[in-house]
Amino acid sequence: MAHRAGGEKGAEYQAIGLVSAAHFVNHFQHLVLPPLFPLLKAQLGIGFVELGLALTTASVVGVAAQLPVGYLVDRVGSRRMLVLGLLVAGLAYLGLGLAPSYPAMLLAMVFVGLSNAVFHPADYALLSAKIAPPRLGRAFSIHTFAGFLGNAVAPVTMIAIAAGAGLNVALMAAGILALVVAVPLVLARSADSETAPQHPARAVAERREGMTSILTPTIIGLTGFFALMSLSGSGISNFSVVALTSAFGTSLSVANLALTAYLSAQALG
């Protein structure tokens with residue numbers, strides 16, 4: 001599409017395609033482990049508390065890395081950071097699939113958490129730089145839809161691969177997906193945002209002003225709202241399969257289908 005359209009619109013299509021694909025993978029990887037919890041519990045000989053700790057590890061690392069990663073996106077570039085995020089997460093899941101164990105899972109979740117911190121600041125920075133303001137809202141919507149679509153297809157995809165090829169192959173497939181999507185981002189150097197050179201003193205002053213300008217009541221309020229939304233949504237996404245199979249005797253395939261229906265409704269909304 002980018003080659004056919006050419007010009008400004010072509011660059012916009014390219015940016016939306018690249019960013020949306022990366023966001024799809026990012027959200028897909030959020031739900032690699034939860035659908036497989038019963039299988040991981042049996043193979044690794046651990047409980048649901050230990051499995052929940054693995055998810056918590058990824059989340060805590062992601063939170064801790066969010067601010068420094070945001071600064072790196074501004075300094076290094078959003079496209080390069082997206083490539084790095086995809087490579088780190090892809091190799092983490094690939095390694096876990098090759099040598100599955102609980103310590104390996106915790107280590108993989110550390111790297112997955114680090115990579116997860118990249119996507120939102122890098123995605124929005126790249127889209128803001130490449131999309132014209134009149135179309136920016138639609139671009140953000142497509143980007144968000146791609147992420148929710150990744151959530152929606154992950155449960156059925158992971159359980160289908162695990163049923164057909166085994167748990168280890170399913171984990172490796174999640175890693176290979178990220179590595180494949182990283183390839184067009186590596187090649188798309190035109191997606192880099194252009195920044196004008198600045199006088200060092202002016203750059204320091206703008207960084208200081210930037211810290212105070214983001215600590216506004218509006219942004220703080222929206223941060224709290226997003227935290228509460230993530231708290232409830234993560235609980236449903238990560239533990240509904242376990243709850244349905246353990247408390248109600250629902251089969252693993254039906255439980256994952258229910259989760260897929262919930263996440264598909266999110267994507268459509």
| R79 side chain vs L126 backbone, donor-acceptor pair below 3.5 Å | no
| note | Residues passing the side-chain contact (heavy atoms from CB on, under 4.5 Å) test with L179, sequence neighbours excluded, are L87, L91, L94
| When clusters are formed from ILVMFWY side-chain contacts under 4.5 Å, directly or step by step, what else is grouped with F225? | M229
| All side-chain contact (heavy atoms from CB on, under 4.5 Å) counterparts of S232, not counting sequence neighbours | none
| Do any N or O atoms from the side chain of T245 and from the backbone of V242 form a donor-acceptor pair under 3.5 angstrom? | yes
| Atom pair CG/CG of L36 and L167 - distance to nearest 0.5 Å | 5.5 Å
Which atom pairs, one a donor and one an acceptor, fall under 3.5 Å between side chains of residues 114-125 and the rest of the protein, sequence neighbours left out?
unit_1, atom_1, unit_2, atom_2, d
S115, OG, V112, O, 2.8
N116, OD1, N26, ND2, 2.9
N116, OD1, H30, NE2, 3.0
H120, NE2, H23, NE2, 3.2
D123, OD2, H143, NE2, 2.8

| said: If I take atom CG from residue L96 and atom CE from residue M109, how far apart are they, to the nearest 0.5 angstrom? | reply: 6.5 Å
| message | Please list all pairs meeting side-chain hydrogen bond (donor to acceptor under 3.5 Å, both in side chains) that have one or both residues in residues 35-47, counting only residues at least two apart or in different chains. | response | Q43-N168
| request: Taking all non-hydrogen atoms of both residues into account, name the closest pair between F111 and V88 and its distance. | output: O-CG1, 3.4 Å
| field | Approximate separation, where rounding is to 0.5 Å, of I142 CD1 and I16 CD1 | value | 4.5 Å
| message | How close do G113 and V61 get, counting heavy atoms only, and between which atoms? | response | C-CG1, 4.0 Å
| query | Would a hydrophobic clustering, with Ile, Leu, Val, Met, Phe, Trp and Tyr connected at side-chain separations under 4.5 Å, put I236 with F239? | reply | yes
| message | Distance check, rounded to the nearest 0.5 Å: L259 atom CG versus S264 atom OG? | response | 9.0 Å
| request: Return the set of residues passing side-chain contact (heavy atoms from CB on, under 4.5 Å) with L244 (not counting sequence neighbours), or none when no residue passes. | output: F248, T250, A255, A258
| Between S230 and F226, is any pair of side-chain heavy atoms under 4.5 Å apart? | yes
| Minimal non-hydrogen separation, A22 against L86, with atom names | CB-CD1, 4.2 Å
| query | Y262: what forms a side chain to side chain donor-acceptor pair (under 3.5 Å) with it, not counting sequence neighbours? | reply | Q266
| Residue pair L33 / M105, side-chain heavy-atom distance below 4.5 Å | yes
| task | Grab the two heavy atoms, one from S101 and one from L44, that are nearest each other, plus how far apart they are. | result | CA-CD2, 3.8 Å
| field | Validation row: N256, P35 side chains within 4.5 angstrom (heavy atoms) | value | yes
| task | Give the minimum heavy-atom separation between A132 and E12, together with the two atoms involved. | result | N-OE2, 2.9 Å
| message | For residues V60 and L67: do they belong to one hydrophobic cluster (side chain heavy atoms under 4.5 Å, members Ile, Leu, Val, Met, Phe, Trp, Tyr)? | response | no
| task | Under the side-chain contact (heavy atoms from CB on, under 4.5 Å) rule, collect the residues that match up with S141, sequence neighbours excluded. | result | none
| task | Spell out, yes or no, whether V19 and V186 are grouped together once hydrophobic residues are joined by side-chain heavy atoms under 4.5 Å, including indirect joins. | result | yes
| With a 4.5 Å heavy-atom cut-off, do V69 and M81 have their side chains touching? | yes
| said: Please say yes or no: joined through hydrophobic side-chain contacts below 4.5 Å, possibly via intermediate residues, are V169 and F28 part of one cluster? | reply: no
| field | Joint hydrophobic cluster, I219 plus L222, side-chain heavy atoms closer than 4.5 Å | value | no
| field | Distance (rounded to the nearest 0.5 Å) between Y13 OH and L18 CG | value | 14.5 Å
| field | Short side-chain to backbone donor-acceptor contact, Y93 and Q29, under 3.5 Å | value | yes
Side-chain donor/acceptor pairs under 3.5 Å, residues 46-56, sequence neighbours excluded:
unit_1, atom_1, unit_2, atom_2, d
E50, OE1, G47, N, 3.0
T56, OG1, G52, O, 3.0

| Who else is in the cluster with V63 when I, L, V, M, F, W and Y are joined by side-chain contacts under 4.5 Å? | none
Please output the side-chain donor-acceptor pairs of residues 145-165 that fall under 3.5 Å, not counting sequence neighbours, one pair per line with the distance.
unit_1, atom_1, unit_2, atom_2, d
N151, ND2, H27, ND1, 3.2
T157, OG1, V153, O, 2.5

| query | Which atom pair, heavy atoms only, marks the closest approach of L136 to S128? | reply | CD1-CA, 4.0 Å
